[in-house]
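Okay, so here's the structure we're looking at.
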Amino acid sequence: MSFLATNVAYADPQAEVLHWWTSGGEARSVAVLQEEFASRGGTWTDMPVAGGGGDAAMTALRARVLSGNAPTAVQLKGPAIQEWYEEGVLADISSVAEAQGWADVLPASIANHMMCEGTWCAAPVNVHRIDWIWANAGILSANGIEMPTTWAEFNAAAEQLQAAGITPLAHGGQAWQDATVFEAVALGIGGPEFFQKAFVELDEEALTSDTMVAIFDQMRIMRGFVDENFSGRDWNLATAMVMNGEAAFQIMGDWAKGEFLAAGLVPGEDFLCMSTPGEGFLYNVDSFAMFDVDGQDNIDGQTLLAELIVGENFQHTFNLNKGSIPARTDIALDDFDSCAHTSAADMAASTESGSLLPSYAHGMALRGAQSGAITDVVTAHFNSDMSSADAVSQLVAAVANSQ
Ligand code: BGC
């Protein structure tokens, strides 16, 4: 297939790009875009904001926009795209989207996130899945442990490992990492309909249910499987613990696979991937929005970036490195590993069965104030001895205050 818009020559395309891809696997991935941009004559000014998950990047973005100096292109996703659009600061990239036929190659579930009142306001990069367990294959086989298919099996495996002196769960110390584990547990214990009600619709009955209590109970159990030094640790250092045999499992989106791959490790041999126990698929689509800026060189830079991001080559090569699967449905997955194949097959099955759900922890389901309110409670519970009942009361109050 060919694009109408490809290989348009621009005089001097410029882009200052704000993103949070700073780990080994992430940097290797974003380099694909930097190289393609440069090969088309672009000048890329990098604005990486470390921290993972995007919280620090969004703080940096707010400061830049408030001072009247927005970056040209920003890694932005989920309802935050529409929130910024409502501020009147996003550029319309519909001309590229229409010339490239984005509507024909993107699933509706992804395209909808990229639209602002009928115009295209963001370019999608990938589909990350959140609900994954990663494991050190050697540790599991040495201890006669299979990948867990229920939370009870997970708990039993973790207890066995702990008794053998092995840290069961590699975890880091940022609120978004707690939220990542929490939403995988919530999907597993509550199921897709519960997840939709609680974390998409903010339904009070779901938020106050016994199911929510059970989810916090499991989080308390998980807290006991984490090593003492987790606080402040970045997610990729937790992944490194699994790689190095310092811990058995990590529950993390498939950007963790980008780290294993960057280290030359092979899925199915050195490390294992499996969806967390339960039904459904939590998706997290990375995307870029262009901010309204002056100057033809910047506008050309934005057009070129949007074109490259949804281009076939970038979608293929970036996602091979990043651990995600392409946002486009027409990219062959022959070069992708078994975890990516599982992801694509499960996404298709979940779309059919209605259990494809947006990640709340990664800003796909709710507006920032609402997801932030939930995460504050999740992390306060995880990092204290708060009871599950108290966590549920705080959750309901925090959600009510955030509306
Ligand atoms: C992003 C990923 C990123 C991860 C860790 C997620 O919110 O969607 O692209 O790799 O955070 O930084």
Side-chain angles (χ1 to χ4, degrees), residues 17-34 47-61 73-81 110 113-114 122-132 134 170-184 232-240 242 250-263 273 281-289 309 314-315 317-327 339-340 343 347 357-366 368 371-372 374-375 378:
V17 186
L18 189 157
H19 62 89
W20 65 89
W21 287 331
T22 56
S23 76
E26 290 173 332
R28 199 162 83 111
S29 309
V30 73
V32 174
L33 190 57
Q34 293 167 334
M47 191 182 170
V49 182
D55 293 342
M58 291 302 101
T59 305
L61 172 64
V74 176
Q75 185 187 351
L76 198 64
K77 56 190 171 140
I81 298 169
I110 295 182
H113 285 290
M114 310 296 137
V125 169
N126 59 5
V127 181
H128 270 307
R129 182 181 197 172
I130 304 298
D131 47 320
W132 283 114
W134 308 95
H171 189 60
Q174 288 138 354
W176 71 266
Q177 297 191 53
D178 301 336
T180 300
V181 174
F182 174 77
E183 71 174 352
R233 178 187 291 139
D234 283 330
W235 67 270
N236 53 318
L237 298 180
T239 310
V242 178
Q250 183 181 22
I251 295 177
M252 186 49 66
D254 42 21
W255 47 91
K257 192 183 71 187
E259 298 302 300
F260 288 112
L261 298 179
C273 63
F281 185 111
L282 294 179
Y283 70 86
N284 170 27
V285 175
D286 283 311
S287 47
F288 279 86
I309 286 169
F314 173 75
Q315 291 266 322
T317 314
F318 173 92
N319 285 304
L320 277 175
N321 292 329
K322 188 68 169 62
S324 37
I325 54 175
C339 307
S343 186
M347 184 175 166
L357 291 156
S359 157
Y360 114 76
H362 289 272
M364 297 302 299
L366 298 168
S371 58
I374 297 175
T375 297
V378 167

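Any value given below was found using the heavy atoms of this structure, including those in side chains, with hydrogens, waters and symmetry copies removed. Remember, it's 1-based here, ligands and their atoms both numbered in the order they're listed. These numbers come from a predicted model, not from an experiment.
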Give me the nearest non-hydrogen protein atom to atom 6 (C) of ligand 1 as residue plus atom name, then the distance to 0.1 Å. H362 ND1, 3.5 Å
Numbering the atoms of ligand 1 from 1, which are under 4.0 Å from a heavy atom of K77? 1 (C), 6 (C), 7 (O), 8 (O)
Taking only heavy atoms of G52, which atoms of ligand 1 are found under 4.0 Å from at least one of them? 12 (O)
What verdict does the side-chain hydrogen bond (donor to acceptor under 3.5 Å, both in side chains) test give for N126 and K322, after you've listed the backbone C-alpha separation in whole Å, the side-chain angles of each residue and the deciding distance to 0.1 Å? CA-CA 9 Å; N126 59 5; K322 188 68 169 62; over 6 Å; no
Quick one: pull up OH in Y283 and CG in L357 and give me the separation to the nearest 0.5 Å. 8.0 Å
Ranked by distance from atom 2 (C) of ligand 1, the top protein heavy atom is K322 NZ, 3.5 Å
When the ring planes of F318 and W21 are compared, do they come out parallel, tilted or perpendicular, using 30° and 60° as the limits? tilted
Does W176, backbone or side chain, put an N or O under 3.5 Å from an N or O of ligand 1? no
Considering both backbone and side-chain atoms of N284, is one of its nitrogen or oxygen atoms within less than 3.5 Å of a nitrogen or oxygen in ligand 1? yes
So for G53, does at least one of its heavy atoms come nearer than 4.0 angstrom to any atom of ligand 1? yes
heavy-atom search around atom 3 (C) of ligand 1 in the protein gives E26 OE2, 3.1 Å
W235 neighbourhood, listing ligand 1 atoms whose heavy-atom distance to it stays under 4.0 Å: 5 (C), 12 (O)
Assess the side chains of S324 and N319: does a donor N or O sit below 3.5 Å from an acceptor N or O? yes
May I have the step-by-step check of side-chain hydrogen bond (donor to acceptor under 3.5 Å, both in side chains) for T180 and H362, ending in yes or no? CA-CA 8 Å; T180 300; H362 289 272; 2.9 Å; yes
Parallel under 30°, tilted from 30 to 60°, perpendicular over 60°: which one fits the rings of W235 and W176? perpendicular
Tell me which protein heavy atom sits closest to atom 1 (C) of ligand 1, plus the residue, atom name and distance to 0.1 Å. D286 OD1, 3.4 Å
For H171 and D178, test the side chains for any donor-to-acceptor distance below 3.5 angstrom and give the result as yes or no. yes
